[in-house]
Amino acid sequence: MISLDTETTGVDMHHGAKPFFVTTCNDQGDLEFFEWHVNPINRQPEIPSEDLNTILSMVRVNNLVLQNPKFDVSALASLDARFGDEWPWERTDDTLIAGHLLHSSMPHDLTSMVLHYLGEDMQPFENRLQDACNKSRAMARSKFPEWRIAKKGADDMPSAKEKNWKYDLWLPRALARELKYPDDHPWWTVCQEYANRDAETTICLWPVLLAEIKRRGLYEIYRDRMRLLPVAYKMQAVGVSVSRERLTELTEEYAESAVRSGRVCVNIAKGLGYELSLPKGGRNKSLNTFIFDTLNLPVLKYTDTGNASMNKDVLSEYYHVLPTRSKERMFIQSLRNSRQLNTAVSYMEGYTRFWVPMKGADGRHIDDWYRLHPSLNPTGTDTLRWSSSNPNEQNISKKEGFNLRYCFGPAPGREWWSMDAKNIELRIPAYESREEEFIALFERPDEPPYYGSNHLLIFHLLWTDLWETAVKEVGPDKVGVHCKKRYASSNYQWTKNGNFAVQYGAIDREDGTGTADVAYHQPGAQAKIKARFTKQEALNQWCIRYAEKHGYIETLPDKTVNASRGYPLVCTRTEYGRIKPTVPLNYRVQGTAMQWMNKAMVRTQDQLDEWNRGRNLADQFHGIMQVHDELVFDFPKSSRHPMLDRGIFTRVSNLWRARRLQQLMAQGGDDIGVPTPVNLEYHDSSYDQGITL
DNA sequence: TTCGGTAGCGCC
DNA sequence: AAAGGGCGCTACCGAA
């Protein structure tokens with residue numbers, strides 16, 4: 001077994017960042033490393049081709065252990081595609097996946113884990129490197145202004161923030177070389193020492209983690225988790241397509257609108273004798289003074305640190321209380337608009353920073369189309385959810401007036417299929433606790449009066465009189481649709497809000513000031529619900545007791561992995577050391593839903609790989625996005641629309657393939673003992689427009 | 001100029 | 001004592 005570690009000139013491999021240092025260490029402690037000079041003018045490494053062949057041959061024959069191999073494989077693949085195509089994932093171990101499994105809420109960076117599991121402090125190595133980088137950056141800035149030092153805003157490093165010395169690890173040595181420093185100058189070796197130490201500690205850390213995993217009976221779960229890495233790698237490598245034309249259209253529309261709203265705000269303030277400088281983001285001092293001192297609006301909520309809040313709920317409250325057609329109300333409404341529009345515009349600016357022109361099979365740019373490659377992190381959360389960054393693909397808005405999904409969609413010659421689990425986070429606790437009324441709801445989604453809607457069931461319970469009146473008016477078949485429409489922005493919306501609060505574990509208070517009761521607009525609502533659905537509440541209490549005793553809660557067991565136990569998720573504690581009671585059931589549900597999703601991703605990827613065997617890249621089937629309970633697939637476009645699949649004309653479109661993936665996803669329900677039907681949507685041209693099939 | 005904390009807001 | 005879970009990104013602001 002060897003460990004392998006790569007140092008790069010940045011994290012934006014799709015924008016020219018490259019490895020310049022690769023180090024390996026075998027289990028005897030023998031190091032072998034490759035360091036390449038980086039041309040400071042274009043930041044490209046100068047690599048003898050035999051080095052890559054040597055590294056590749058080591059990868060081909062050894063068992064491997066890496067800290068976050070997805071990063072290294074992406075980096076090496078940017079030099080030579082064979083690293084991506086041939087990477088032996090089945091022979092690869094990951095200390096990051098292992099670290100999360102052993103303690104989901106601790107930091108999983110190598111330095112932290114080495115300190116925790118080996119008792120060794122690597123921080124001095126990192127500090128020396130940081131110091132050398134910062135000093136050499138300052139020197140290069142003054143002596144060699146044409147050298148390309150990492151900088152926020154540079155178009156070849158869209159991820160760069162203000163703090164970016166890690167993108168210039170190559171620089172101390174390049175300067176030592178340029179300035180002909182003596183051989184014993186530390187800048188020659190400071191990066192090498194750091195990188196080599198990483199490789200050495202990785203190979204030492206691995207057996208310790210593995211032994212602990214086995215001792216705790218988690219080995220099957222570890223192996224199951226490792227199947228995710230090639231799936232994440234492929235998803236990230238393929239990326240998501242964006243239309244420039246549609247993004248430009250939206251940007252212009254929203255930017256203009258934002259300017260108009262902002263102008264209204266400034267003018268109203270001026271009319272009241274206040275020179276407002278409007279923030280582009282949430283708030284600034286000028287706005288604070290205006291809202292709380294000039295308009296004298298009351299403080300309705302406090303931020304985490306105890307300051308007066310001015311978030312969207314507070315603004316919404318102001319809006320509804322202020323007199324119609326008053327200056328104040330108009331101000332608040334314009335402020336809400338301007339904030340939302342500015343947020344949308346800044347998201348879109350992020351997309352244009354990160355996107356890369358989309359290439360066709362002939363290598364030419366497909367006019368108007370670009371691709372994003374968000375970075376996916378399967379260990380990014382304290383549960384089993386993944387995180388996504390640079391840019392985040394998990395917060396693409398579908399709100400009216402903020403519909404960024406419009407910009408995304410299949411490129412010419414492609415079609416998208418999206419699939420999401422129906423109500424999976426409601427189903428899991430309902431089935432686990434055997435809460436019959438909820439189960440009935442899920443089992444009979446086509447029956448009146450609720451037609452499978454949890455919100456309507458609760459609406460009926462909380463607003464019985466409104467419901468009964470409506471039944472008399474329109475009958476039991478239509479009562480749901482009627483109430484949903486009639487009370488869309490009042491009681492029905494409140495019910496939804498309250499239900500989410502309850503789902504996420506809001507704590508009830510007797511005086512009606514609990515989060516859920518406030519959301520429901522009905523004191524005692526949550527108590528009423530608890531009294532009706534006692535089994536689910538009992539499950540909640542069991543989870544809290546379990547977490548108090550063990551410090552963690554487990555996901556529901558997956559019978560194909562380990563029938564007797566699930567993935568342990570360490571629960572957050574309060575400042576007083578107790579388990580936060582809102583956490584355990586939440587983690588159990590969220591974690592189990594993601595275990596389901598993980599199985600769905602592995603199963604569907606196996607199917608896609610089978611379909612893709614022997615196909616040209618342009619004709620392949622890809623998984624491209626995962627948003628917690630939703631997967632999006634990118635297919636070659638069929639010449640026939642899926643709606644034409646009827647009667648004897650089956651398989652005229654890709655519908656049968658989509659159905660196959662849908663079925664593979666739903667199969668995960670058997671593994672956890674919860675029925676999990678999956679919705680299917682076809683997207684002809686845009687992510688925001690889909691046909692349900 | 002750099003950097004970290006805070007607030008706000010998008011998603012599920 | 002006090003309790004709605006999980007994220008990432010941007011703007012703002014003040015301190016170093």
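Sequence lines set the chain letters: A, B, ... in the order given, protein chains first and strands last, and positions in each chain run from 1.
- In this structure, A:N311 atom CG and C:dG4 atom P are separated by 14 Å, rounded to whole Å.
- Using a 4.5 Å heavy-atom threshold, the side chains of A:Y254 and A:L404 count as touching.
- Note on A:R283: a side-chain N or O is less than 4.0 Å away from OP1 or OP2 of B:dG8.
- Note: CD1 (A:I553) to C1' (C:dG5) measures 14 Å, nearest angstrom.
- Proximity of A:S387 to the phosphate of C:dG8: a side-chain N or O atom is located under 4.0 Å from OP1 or OP2.
- Between A:K161 and B:dC3, a side-chain N or O to OP1/OP2 separation shorter than 4.0 Å is absent.
- No engagement by A:N342 is indicated, since no non-hydrogen atom pair under 4.0 Å with the nucleic acid exists.
- Residues A:R405 and A:Q689 have side chains not in contact (no heavy-atom distance under 4.5 Å, counting atoms from C-beta outward).
- Counting non-hydrogen atoms under 4.0 angstrom, A:P581 reaches a base of the nucleic acid.
- The side chain of A:N392 places no N or O atom within less than 4.0 Å of a non-bridging phosphate oxygen (OP1 or OP2) of C:dC7.
- Between the CG atom of A:L341 and the C1' atom of C:dA11 there is a distance of 16 Å, given to the nearest Å.
- At the heavy-atom level, A:N390 lies under 4.0 Å from the strands shown only through sugar-phosphate atoms.
- Counting non-hydrogen atoms of other residues, nucleotides and ligands closer than 6.0 Å to CZ of A:R578 gives a total of 12 or fewer.
- Between the side chain of A:R339 and the base of B:dC9, no donor-acceptor pair under 3.5 Å is found.
- Residue contacts for A:R573: at a heavy-atom cut-off of 4.0 Å it reaches no nucleic acid atom on any strand shown.
- Using a 4.0 Å heavy-atom distance criterion, A:R385 is classed as a base contact.
- Note on A:K280: a side-chain N or O is less than 4.0 Å away from OP1 or OP2 of C:dA11.
- A:D517 contributes a side-chain N or O that, together with a main-chain N or O of A:G524, makes up a donor-acceptor pair within less than 3.5 Å.
- A:Y347 and A:Y351 have perpendicular rings, their planes meeting at more than 60° on a 0 to 90° scale where under 30° would count as parallel.
- Between A:K312 and B:dG10, a side-chain N or O to OP1/OP2 separation shorter than 4.0 Å is present.
- Taking the nucleotide of DNA chain C with the nearest heavy atom to each of A:R578 and A:V583, the more 5' of the two is matched to A:R578.
- Counting any heavy atom pair closer than 4.0 Å across all strands shown, A:R588 reaches no nucleic acid atom.
- A donor-acceptor contact shorter than 3.5 Å is absent between the side chain of A:T111 and the backbone of A:Q123.
- Across the protein-nucleic acid pair, A:I544 atom CD1 and C:dG4 atom C1' stand 13 Å apart, rounded to whole Å.
- Contact annotation: A:T303 side-chain N/O to B:dT6 OP1/OP2 distance is not under 4.0 Å.
- Contact check, A:S346 against B:dC9: no side-chain N or O comes under 4.0 Å of OP1 or OP2.
- At a threshold of 4.0 angstrom between heavy atoms, the contacts of A:T515 include nucleobase atoms, whether or not backbone atoms are also involved.
- Phosphate proximity of B:dC11 to A:S397: present, with a side-chain N or O under 4.0 Å from OP1 or OP2.
- Using atom P as the reference point in both C:dG4 and B:dC12, the two lie 22 Å apart (nearest Å).
- What separates NZ of A:K398 from P of B:dC11 is a distance of 8 Å, to the nearest Å.
- When heavy atoms are screened at a 4.0 angstrom cut-off, A:Y587 is found touching the sugar-phosphate backbone but no base atom.
- Atoms CG (A:L315) and P (B:dC9) sit 7 Å apart, rounded to a whole Å.
- When the C1' atom of C:dG5 is taken as reference, atom CG of A:D629 falls 15 Å away, rounded to whole Å.
- For the residue pair A:Q536 / A:N540, no side-chain donor-acceptor distance below 3.5 Å is found, with atom types taken as modelled.
- What separates CD of A:Q340 from P of B:dA7 is a distance of 22 Å, to the nearest Å.
- Within 4.0 Å (heavy atoms only), A:R405 reaches sugar-phosphate atoms of the nucleic acid but no base atom.
- Between A:S309 and B:dG8 there is a side-chain polar atom (N or O) within less than 4.0 angstrom of OP1 or OP2.
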